[in-house]
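Here the structure comes first, spelled out in structure tokens, and everything after it is commentary.
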Amino acid sequence: MFKPVNSNVNFPEMETKILGFWKEKGIFEKVAESRKGAPEYIFYEGPPTANGNPGIHHVLSRTFKDVIPRYWTMRGFHVPRKAGWDTHGLPVELEVEKELGLSSKTEIEKYGIAEFNERCRKSVFRYLKEWEFVTERIGFWLDLKNAYITMDNSYMESCWWIIKQLWDKGLVYQGYKVTPHCPRCGTSLSSHEVALGYKDDTDDPSVHIKFKIVNGGTGGSREVKSAVNMAPGPVYLLAWTTTPWTLPGNTGLAVSPEAEYALVETGGEYLIMARALLDSSLTGEYTVLNTFPGAGLQGLRYEPLFDPWADIPGTSKPCLAVRRQQTADKETNPVITGDFVSTDDGTGIVHIAPAFGEIDFETGKTHNLDLVETLDLQGKVCGPFPGFDGLFAKAADPVITEDLRSRGLLYRSGRITHTYPFCWRCSTPLLYYAKSSWYIRTTAIKDRLIACNREINWFPEHIKQGRFGDWLENNVDWAFSRERYWGTPLNVWRCERSAEHGNACGGAPDYFECPGSLGELRDKPGFSGLPEPLDLHRPFIDGVTYYCPECGGIMRRVPEVIDCWFDSGAMPVAQWHYPMENADNFKKNFPADFICEAVDQTRGWFYSLHALSTLLFDRPCYKNVICLGHILDAKGEKMSKAKGNVIVPATVLNSQGADALRWYLVTAAPPGNVRRFSTEQVTEVVRKFMLTLWNSYSFFVTYANIDNFDPAVNRVRNLDVSLDRWIVSELNRLVVKVNEELESYDPTTAARRIEEFVDRLSNWYIRRSRRRFWKSENDADKMAAYSTLYQCLVTLIKLIAPFTPFIAEEIYQNLERGSDPASMESVHMEAYPSADVSLIDEQLNADTELAMKLSSLGRAARSKANTRVRQPLARALCRLRREEERQAFARIKEQVMDEINVKDLEIMNEEGAVLEYEVKPNLPVLGPKYGIKMGEITRLLKAADARKIAWDLRTRGEASMGDFTLLPQELQVLTRGKGGYAVAADGDIIVALDTVISPELAGEGTARELVHLLQTMRRSAGFDVTDHINTCYSADSETGRVMEQYAEYIKQETLSLSLVAGTAGEGAYSETHRLGGVEITLAVKKTG
RNA sequence: GGGCCAUUAGCUCAGUUGGUUAGAGCACAGUCCUGAUAAGACUGGGGUCUGUGGUUCGAGUCCACAAUGGCCCA
């Protein structure tokens, strides 16, 4: 006996019960245990940060992260599922800053780094419970107990080891470069972090500035100089910028050497700029006085807008860094040429501030421009600039603009909206400026990064050459240091003397060492300053010093910590504390077979894993990667707290359940696409898939129990009913396909196929087999039906187990575990189904397709004739063109007759009465043969008499039209129902119904109608399916006659022991209906 | 400004190497079927396959450009 199944199932409740079962029996651990020693399939968990609530997009990635490992586990592999947590970095610090009300690094340091970091440590796991809850609730099996945690000493020590490896290869350097800098966070951002924070529609100033040309300089072509000298007033170079705050740092102007420039007079002023941009830049009428190539401007000098060297009381002095680059040539502020100058926008003259832009900086180096740094690390202006000294850069913009206006140096000012980068965590506008930072020289291995990427399978595939490939092609060195507090400290120590005494130490300007482990550090001469208990974080590690081996000076750690993307990219190594321990584990678990994250990780984790793996081991870190698209709300908008359109996983999990959500996430859209999420669609999954499956299961259990079906005893191996052989064939074909698709990382197509199978199982196999289950004798056919359905169900639940682990477990426990004590304790310990291809019968599958098609057409024809299916009809005719179909006809005839309730079904011979013809060109054949003449042929065919052509083709083997003689294979003769109301057609196939209803047929129809009424009444009366009843009726004489004629049939169908005319007795359930225009009253009563 | 992806019915998605009448499901309306079903069947309305050019005898499919949305990069 199987456990009875309630067809009114509550999935969330069922799932909770299964969760309890897994927990109580330790199923997850047992599954892992059962695969010990099996070949490894390696999955890496990309560590989330648990300082915020998990959202629906996390459920998406966690579902895919679960399906694939579950699949490979069932395929017999041992799949470790070590959890991980990302704990360092700016996001964490930011939360704490908010809590403490701190707003700058100075305030953090005043508060105390030790205390600050302690707060960070605590805040990291604030939402750990929610994360663990969601992870468990959705059935994502993850080894949470042995999670790797990036802030552990052991983890950080492994990071040190990695840095040391790179250091020894000369791949780590300190560079003075322009970096995007967040003035609020006070640190540089790596390029992948910058990528996270671009905002369109940023409103910024747009100013055109006049730079006054100094007469009598040495540069400029003769032509230009004479033009400038001959102008009646001062001549200005017109430049455009959106960042006025960079203007005090201006030390050069760049022009395009090839472009044409013009000297114009406008409003009494004399301006030089690119000719192509005159109309878009100038506000009024203008006259072009001269034109010359940009190269001619090279070497002109202009007056600086500000003097950063000035000594003005009450202002900061000097600027932070003011470097006069030129030694020989004292003249400053030159016009230079550069290929980067475009004449697409602006004025064709680009203002260069070497401290504030990558191109600017490089240009400054090339042309020996002065470097003037007028901002401190908080983004405040610093320098002899009364009025805006001390202001935040962006706040200084209007002041600077006003100042220039008052001095007549502003030509025009307005606003512009464009895209600008902001800090991805705190939304402060980023400022680009030159400063020192630690780099990993990834450009040195760029070719290897690209080559290793070739070995990776990306899903979707376009990421490989597209987004990720491009990223690698444009690789820049990884700026991996952060001037912050809560992160893995950079393990570089520097000799104090090198800075204090110039070249005093070892002859080098700076002497650095990079100890690669705690042990190595402890072994340094004079090591001291590390307190117990051990904590490698700041500020404790900052106190560690030792003696410089070169000069005996004090070695101190540099102040930086490392990028948290480095942490997560280090996980293949650091999760094992390799190489300090677990060398075996590391080797066994590297590289990964599979990882999965959303597309935003191409520059994040996907990159940091790939880069570190290539740097360290010269090989890719992962073999297969599913890259998921983002989730939008039902309207296609991004989910955000601000919009209030965030869907919390718990709401869906509580109402529809985890299986439904998982199935939806897998099947609804291709994984790589963006997708809209709405709970209505999850509900649809419940109705369409989950309930159909559940009801098939519940149907099976109900009847199997009535008949005491025992799969162990009643297993039928040789099926001779074609319906059974068909569904088994479909099942095995499904198993082949699903395996193929899962092996190629396409769970979506696999699941969609399963969905289709469930539909066929329920709506064709079970529906058509229903009568076999009701038969009162336990004959062989009935057992074959049970056995087949049982086999389908137990195979099916194993197929779906990776996708919907709960319902699979629930059904497994009842159907398989419940009847076979030798079965596994959980469905997830089972082997994934493998197909028996000998059971796949393509012919049979095609036959059944045809039967379905004919049945569908038959019903369509009935619908047109307005004849209900319950009313039997004498005859149907069908038209089949293809030889295979005509052969299949004999095999499926009975099925179709039964489906559309006709007494006879024949292939039609004389078609004229019900059909009309159409002749069409067979394009794939005719096209290549006739090419450009096709148009004419098509026209001729349309005009021709289709019936005649069909006749000619059949009798003469060809047909002629105009100049053309066409052969049968070049044309298609289509036929369709001729206006007749009982004909339905689809392409070649036609079904026509004989709609004449004889009195006998009418009587039979009435009998079936009566059975239907009584069945419905049984249900309304609340009888059990197996209850026997007594039935009474009062009806007109005609109906009474039918009752008598079909008494045996009616009694058998409705389990009536008696069927008598008369009024109902005490306690009977009675209903009155209209049947064929007359009123009848029926009454049913349970016996005994 | 550049790159990648998407755009097919009101909604969610299929659409194989270019080939004849572009399909499902949901939703809506009507009819039917039902002794597992919250299901199913049939019919109907609903599509200039985002647009414009091009290649071709023939384009949802290939090419170019553009638009919208998303992501990424400057």
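Reminder, nothing fancy here: chain letters follow the sequence lines and each chain counts from 1.
Distance from the side chain of R752(A) is smallest for C13(B) among the nucleotides C13(B), C4(B), C71(B). Distance from the side chain of A669(A) is smallest to C13(B) among C71(B), G25(B), C13(B).
Between Y607(A) and W478(A), the ring-plane angle classifies as tilted under the 30° and 60° cut-offs. Between F468(A) and W458(A), the ring-plane angle classifies as tilted under the 30° and 60° cut-offs.
Using a 4.5 Å heavy-atom cutoff, the side chains of L661(A) and Q656(A) are not in contact. Under the 4.5 Å side-chain criterion, counting only non-hydrogen atoms from C-beta, R675(A) is not in contact with H57(A). Contact of the I727(A) side chain with the W764(A) side chain is not registered, since no non-hydrogen atoms from C-beta on lie closer than 4.5 Å.
Residue T1054(A) is classed as a base contact, given a heavy-atom separation below 4.0 Å to a base. If you check every strand for non-hydrogen atoms under 4.0 Å, P460(A) touches nothing.
The distance between the ring centers of F2(A) and F709(A) does not fall below 6.0 angstrom. Aromatic rings of F699(A) and F773(A) (six-membered ring for Trp) have centroids within the 6.0 Å cut-off, being under it.
Comparing G46(B) with C5(B), their C1' atoms sit 29 Å apart, to the nearest whole Å. Taking the P atoms as reference points, U61(B) lies 14 Å from U8(B), given to the whole Å. Between A9(B) and G60(B), the distance separating the two C1' atoms is 14 Å to the nearest Å. Using atom P as the reference point in both G51(B) and C42(B), the two lie 31 Å apart (nearest Å). Separating the C1' atom of U37(B) from that of U21(B) is a span of 34 Å, rounded to the nearest Å. A gap of 8 Å separates the P atoms of A41(B) and C26(B), to the nearest Å. Comparing the P positions of G30(B) and G69(B) gives an interatomic distance of 39 Å, to the nearest angstrom. One P atom belongs to A38(B), the other to U43(B), and the distance between them is 23 Å to the nearest Å.
Judged purely by distance below 3.5 Å, without hydrogens or angles, the side chains of W240(A) and S206(A) pair a donor atom with an acceptor atom.
Paired runs in RNA chain B that reach 3 or more consecutive Watson-Crick or G-U pairs, where each pair keeps both distances under 3.5 Å, cover B:1-7 with B:67-73, B:10-13 with B:23-26, B:28-32 with B:40-44, B:50-54 with B:62-66.
A pairwise comparison of heavy atoms in V701(A) and K3(A) identifies CG1-O, 3.3 Å as the closest pair. Nearest heavy-atom pair, E741(A) versus A750(A), reported as atom, atom and distance to 0.1 Å: OE1-CA, 3.3 Å.
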Using a cut-off of under 3.5 Å, enumerate the N/O to N/O pairs linking the protein to nucleotides 36-39 of chain B.
unit_1: A36(B); atom_1: OP1; unit_2: R770(A); atom_2: NH1; d: 3.1
unit_1: A36(B); atom_1: OP2; unit_2: Y703(A); atom_2: OH; d: 3.2
unit_1: A36(B); atom_1: N7; unit_2: R770(A); atom_2: NH1; d: 3.4
unit_1: A36(B); atom_1: N6; unit_2: S762(A); atom_2: O; d: 2.9
unit_1: A36(B); atom_1: N1; unit_2: S762(A); atom_2: OG; d: 3.0
unit_1: A36(B); atom_1: N3; unit_2: N695(A); atom_2: O; d: 3.1
unit_1: U37(B); atom_1: OP1; unit_2: R1019(A); atom_2: NH1; d: 3.2
unit_1: U37(B); atom_1: OP2; unit_2: R1019(A); atom_2: NH1; d: 3.3
unit_1: U37(B); atom_1: O2'; unit_2: N695(A); atom_2: ND2; d: 3.3
unit_1: U37(B); atom_1: O4; unit_2: R770(A); atom_2: NH1; d: 3.3
unit_1: A38(B); atom_1: N6; unit_2: N8(A); atom_2: OD1; d: 2.3
unit_1: A39(B); atom_1: OP1; unit_2: R687(A); atom_2: NE; d: 3.4

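Residues Q681(A) and G466(A) each lie close to RNA chain B; by heavy-atom proximity, the contact nearer the 5' end of the strand is made by G466(A). Of the two residues contacting RNA chain B, namely G672(A) and R675(A), the nearest-nucleotide position lying further toward the 5' end is that of G672(A).
Across the protein-nucleic acid pair, N673(A) atom CG and A14(B) atom C1' stand 13 Å apart, rounded to whole Å. In this entry the distance linking CD1 of I631(A) with P of C71(B) reads 13 Å, nearest Å. The separation between R676(A) atom CZ and C13(B) atom P is 8 Å, rounded to whole Å. Taking atom CH2 of residue W663(A) and atom P of nucleotide G25(B), one finds them 18 Å apart after rounding to whole Å.
Not a single donor-acceptor pair, N or O on each side, falls under 3.5 Å between the base of C5(B) and the side chain of R467(A).
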